[in-house]
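What follows is a short report on a single structure.
Here is the naming used below: chain letters follow the sequence lines, and residue numbers restart at 1 for every chain.
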Amino acid sequence: MSPPRRVLVRGAGVAGLACAVALAEAGATVTLAEAGPTIGSGASWKAGGMLGPWCEAETAPAGLVELALPALDWWRRQVPATRSAGTLVLALSRDGGELARYARRTEGHRTLDAGQLDALEPAFEGRFGRALFYPGEAHLDPRAALPALAHRLRALGGVVLTGRPDIPDGRFDDVVDCRGHAAREVLPGLRGVRGEMLLLRAPGVGLSRPVRLLHPRTPVYVVPRDDDVFMVGATMIESEERGPPRLRSMMELMGAAYALHPGFGEAEILEFAADLRPAFGDNMPRVVRDGATLHVNGMFRHGFLLAPVLAGQVVDAVLGGGSEPPAALVPLSRMR
Amino acid sequence: MRLYDVEIASRLLLGTAQYPSPDVLADAVRASGTGLVTVSLRRESAGQRAGQSFWSLIQDLGVRVLPNTAGCHSAREAVTTAQMAREVFGTDWIKLEVIGEQDTLAPDVFGLVEAARILSEDGFRVFPYTTEDLVAAERLLRAGCRVLMPWGAPIGSGRGLNNPFGLRAMRAHFPGVPLVVDAGIGLPSHAAAAMELGYDAVLLNSAVSQSGDPVAMAAAFRLAVEAGHAARLADPMEPRDMASPSTPVLGQAVL
């Protein structure tokens, strides 16, 4: 029997952690190296953590739902705190057309009237006459899920190094580069898409599942965390500036949250942050081979949704032996 | 069509915001046949050229770029943004937007005229986003503009031509000035109607980017703009109150 394959995974965001755990589960000896001071130093830490393939399919290329479905079970297995409560999609009454459009362009939902909505989510108290409900969707807290993956990796014998560890690549059979936007210099066509988010504590709200508020100018989502905390996100700006959130963006996010539930008016602002989503031209992630290095990148808005899927492709590519690489593997030479 | 002495191949001008992805945008631009795309410059992107990745994608589309002062609420802000845009995109063409009202995003024509004057004196070729108001239009021409871009309806509303009478009057009033209907277009039929009114071009964004299939919709708009323009050149018949049979009745056999 050959010795276990030694794999270095660079980047402890959701892509790196998912790949590291999947590889370790498949028998590899995994070292996970994070340049930041802790795991989750980057964009994943600020993510919504929505596992919503049906909603995301609104603007994603065809096939996203089928691609992403296995990820929901993967997360439920890795992070038992993953909540399978579905997603609600709402619009203010004057934007009713937005709801009709969204319903036409997505699947996996049913329409709720005011009574059904209030039965499902009493916090709305009749303020919305109609909603779309996506019962198959789920959500998790990235700040619980990422440490849970690191814990799992260690339990499988993996090593997690943080704070710019100095590791020569030569000690490893394979390198999996999951550094997100930091890999921009070596991945042609990779860009950053700025996103801004808010973290609020609002004891008077009591929403129990993610809510997306459709709006022609600024669509916003609110995702509940434990202890009356809510994540509100997120702007999408074609800019690679990492600087602090701008007032206009915060006003848009706060205004939308307040329109959703007046209880947000009394919310404590715990945090606001901005970061860059790594994205390719089609805004879909991919695994790119560059010699002994596999790049997993371009997660865009779909990090938690698609990381387990890409991790599976990486396992096939690294440990699959002589079999053909999966179709999603793109050689670096074929990229712009 | 000539705008500021430059031949532009297509009478459909396309905005580049809010597409599902840059790849879809590129395909839509190709399908539209456009020769001029607008791109908005947000202040937070311009500072350290942080928007460069996206701007490079726009410049790689191979069509002329018309930077846009989208979201500016004062003449001063618009002038600053225009100056940044000139540096970033290396063009003195600027779509000048000065927003005066938050709900309708209606142009502030006072700030617009002021910014147009400052920018024209500074060598910019100004494409002002304005209303169908003839007095404001006159002032914009006096300020140095050689193109006028009246709205069809509020930005992103998709309502079509809210005031066909005003747009017709504007066309009649400025026969020699290139006129572009900018904003409010939702359907290809709206674009065709603007061209039938004698407008030189239409500029739209959301109608394509927010549709379910932006590439197919871009192609539909290309056809509509061509159809409306061809119809205008063909001198449409006048509407009549009475039926006018296309085959003479007189002399037909009576059975």
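Within a 6.0 Å radius of CD in A:Glu107, no more than 12 heavy atoms belonging to other residues, nucleotides or ligands are found. Environment of OH in B:Tyr4: crowded, with over 12 heavy atoms of neighbouring residues, nucleotides or ligands closer than 6.0 Å.
The OG atom of B:Ser211 sits 6.0 Å away from the CZ atom of A:Arg105 when rounded to the nearest 0.5 Å. From B:Phe54, atom CZ reaches atom CD of A:Glu240 across 11.5 Å, with rounding to the nearest 0.5 Å.
No side-chain heavy atom of A:Glu238 sits under 4.5 Å from any side-chain heavy atom of B:Leu57.
For chain A, the option among B:Ser206, B:Pro20, B:Ala17 with the highest count of heavy-atom pairs below 4.5 Å is B:Pro20.
Only the side chain of A:Arg184 comes within less than 4.5 Å of a heavy atom in chain B; its backbone stays farther off.
When all heavy atoms of A:Gly281 and B:Pro22 are compared, the pair lying nearest together is O-CD, 3.0 Å.
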